K.L.:
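Submitted below is the structure of interest, expressed as structure tokens.
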Amino acid sequence: QVQLVESGGGLVQAGGALRLSCVASGRTFSSYAMGWFRQVPGKEREFVAAISRSAGRTAYADSVKGRFTISRDNNKNTVYLQMNSLKPEDTSVYYCAADRTVRVPTTHYEYEYWGQGSQVTVSS
């Protein structure tokens with residue numbers, strides 16, 4: 001069982017930056033691929049970024065490529081999402097997710113564990 005807790009969301013102006021963090025419980029964090037997703041009411045959960053267990057591979061949605069960076073610190077059981085050049089359309093609830101796999105999953109149904117979500121609001 002893995003518990004995930006996100007933090008770092010908030011309100012920011014367009015063009016600004018935020019860094020989300022997600023801390024995982026347990027002693028096997030390095031066995032899990034980690035992902036970030038986002039969801040607005042009435043829409044399907046959307047892939048944002050993912051990172052492999054050892055951080056050697058990453059994947060990004062086209063909409064955030066070049067602006068967002070996913071990273072992880074296995075010594076701290078933490079995955080990060082650095083979000084730069086934020087746009088109003090990035091406004092959403094952001095979720096981190098974990099799955100015990102060697103792959104880098106990019107769809108929400110591939111992930112087993114989820115955090116509670118962190119609201120990010122970008123004003124124009």
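Just so it is clear, the model here is predicted, and its values are computed rather than measured.
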K.L.:
Within a strict 4.5 Å, meaning less than it, do heavy atoms of the K76 and F29 side chains meet?
P.N.:
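Of all side-chain heavy-atom pairs linking F29 with K76, none is under 4.5 Å.
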K.L.:
Check the hydrophobic clustering (I, L, V, M, F, W, Y; side-chain heavy atoms under 4.5 Å; chains of links allowed) and say if F37 and Y80 are grouped together.
P.N.:
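No, no single cluster joins them.
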K.L.:
Rounded to the nearest 0.5 Å, how far apart are CE of M34 and CD1 of I70?
P.N.:
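These two atoms lie 7.5 Å from each other.
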K.L.:
Over all heavy atoms of both residues, which pair between T101 and A33 is shortest? Give the atoms and the distance, please.
P.N.:
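Smallest interatomic distance, heavy atoms only, reads CG2-CB, 3.8 Å.
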K.L.:
Quick one: do N74 and R72 satisfy side-chain contact (heavy atoms from CB on, under 4.5 Å)? Show the steps, please.
P.N.:
CA-CA 6 Å; N74 286 346; R72 66 189 294 163; 2.7 Å; yes
K.L.:
Is any side-chain heavy atom of E6 closer than 4.5 Å to one of L4?
P.N.:
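Counting from C-beta outward, L4 and E6 never come under 4.5 Å.
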K.L.:
Determine whether R38 and V64 satisfy the following criterion, side-chain contact (heavy atoms from CB on, under 4.5 Å), listing intermediate values before the conclusion.
P.N.:
CA-CA 12 Å; R38 63 189 183 187; V64 307; 4.0 Å; yes
K.L.:
If you take all heavy atoms of S52 and V104, which pair is closest and at what distance?
P.N.:
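Looking at all heavy atoms of both residues, the closest pair is CB-CG2, 3.8 Å.
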K.L.:
Answer yes or no: is there a donor N or O on one side and an acceptor on the other, between the side chain of T121 and the main chain of T91, under 3.5 Å?
P.N.:
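Not a single qualifying donor-acceptor pair exists.
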K.L.:
Where do R53 and V102 land on the side-chain contact (heavy atoms from CB on, under 4.5 Å) test, with the steps shown first?
P.N.:
CA-CA 7 Å; R53 302 186 303 183; V102 299; 3.3 Å; yes
K.L.:
Considering non-hydrogen atoms only, spot the tightest contact between A59 and T106 and give its length.
P.N.:
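Looking at all heavy atoms of both residues, the closest pair is CB-CG2, 4.0 Å.
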K.L.:
Apply the test side-chain contact (heavy atoms from CB on, under 4.5 Å) to residues Q13 and S123: give CA-CA distance (whole Å), side-chain angles for both, the deciding distance (0.1 Å), then the verdict.
P.N.:
CA-CA 5 Å; Q13 288 189 329; S123 63; 3.7 Å; yes
K.L.:
Rounded at 0.5 Å granularity, tell me how far CD in Q1 sits from OH in Y113.
P.N.:
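Nearest 0.5 Å value for the CD-OH distance: 5.0 Å.
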K.L.:
Rounded at 0.5 Å granularity, tell me how far CG in D73 sits from OG in S30.
P.N.:
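That separation rounds to 11.5 Å.
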K.L.:
Let me check something: do Y32 and V23 share a hydrophobic cluster, defined by ILVMFWY side-chain heavy atoms less than 4.5 Å apart, either directly or through other members?
P.N.:
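No, because Y32 and V23 fall into different hydrophobic clusters, even though each may have its own neighbours under 4.5 Å.
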K.L.:
State the CD-OG distance between E89 and S124, to the nearest 0.5 angstrom.
P.N.:
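Those atoms lie 10.0 Å apart.
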K.L.:
Tell me every residue that passes salt bridge (charged side-chain N to carboxylate O under 4.0 Å, His left out) with R103, counting only those two or more places apart in sequence or in another chain.
P.N.:
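R103: salt bridge (charged side-chain N to carboxylate O under 4.0 Å, His left out) contacts with E110.
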K.L.:
Provide the closest heavy-atom pair for G9 versus L20 in the form atom of the first, atom of the second, distance.
P.N.:
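For G9 versus L20, the nearest heavy atoms are N-CD2, 3.5 Å.
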K.L.:
How long is the gap from CZ on R19 to CG on N84, to the nearest 0.5 Å?
P.N.:
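Answer for the CZ-CG pair, R19 versus N84, is 11.5 Å.
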K.L.:
Between V48 and I51, is there shared hydrophobic-cluster membership here, with clusters defined by ILVMFWY side-chain heavy atoms closer than 4.5 Å?
P.N.:
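Looking at the clustering, I51 is in the same group as V48.
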K.L.:
Identify the two heavy atoms, one from T69 and one from Y60, that lie closest to each other, and give their separation to 0.1 Å.
P.N.:
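Between these two residues, the closest heavy atoms are CA-OH, 3.4 Å.
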K.L.:
Can you give me the closest heavy-atom contact between S85 and R67, atom names plus distance?
P.N.:
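The answer is O-NH1, 3.0 Å.
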K.L.:
With a 4.5 Å heavy-atom cut-off, do S63 and E46 have their side chains touching?
P.N.:
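Yes, close enough: below the 4.5 Å cut-off.
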K.L.:
My understanding is that only residues two or more places apart in sequence, or in another chain, count here; which of them pass salt bridge (charged side-chain N to carboxylate O under 4.0 Å, His left out) with K65?
P.N.:
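If we apply the salt bridge (charged side-chain N to carboxylate O under 4.0 Å, His left out) test to K65, skipping adjacent residues, the hits are D62.
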K.L.:
For the CD atom of E44 and the OG1 atom of T107, what is their distance to the nearest 0.5 Å?
P.N.:
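E44 CD to T107 OG1: 9.5 Å, rounded to 0.5 Å.
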K.L.:
Taking Y111 as the starting point, is it possible to reach W36 by hopping between hydrophobic residues whose side chains are less than 4.5 Å apart?
P.N.:
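W36 does not cluster with Y111.
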K.L.:
Any side-chain heavy-atom pair from M83 and V120 closer than 4.5 angstrom?
P.N.:
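They are in contact (side-chain heavy atoms under 4.5 Å apart), so the answer is yes.
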K.L.:
Let me check something: do F68 and V79 share a hydrophobic cluster, defined by ILVMFWY side-chain heavy atoms less than 4.5 Å apart, either directly or through other members?
P.N.:
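Yes, because F68 and V79 connect within a single hydrophobic cluster, where side-chain heavy atoms sit under 4.5 Å apart.
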K.L.:
Should V2 and E112 count as side-chain neighbours, where that means a heavy-atom distance under 4.5 Å?
P.N.:
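A side-chain contact under 4.5 Å is absent here.
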K.L.:
If you count heavy atoms of other groups shown closer than 6.0 angstrom to CD of Q116, is the number above 12?
P.N.:
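Yes, enclosed.
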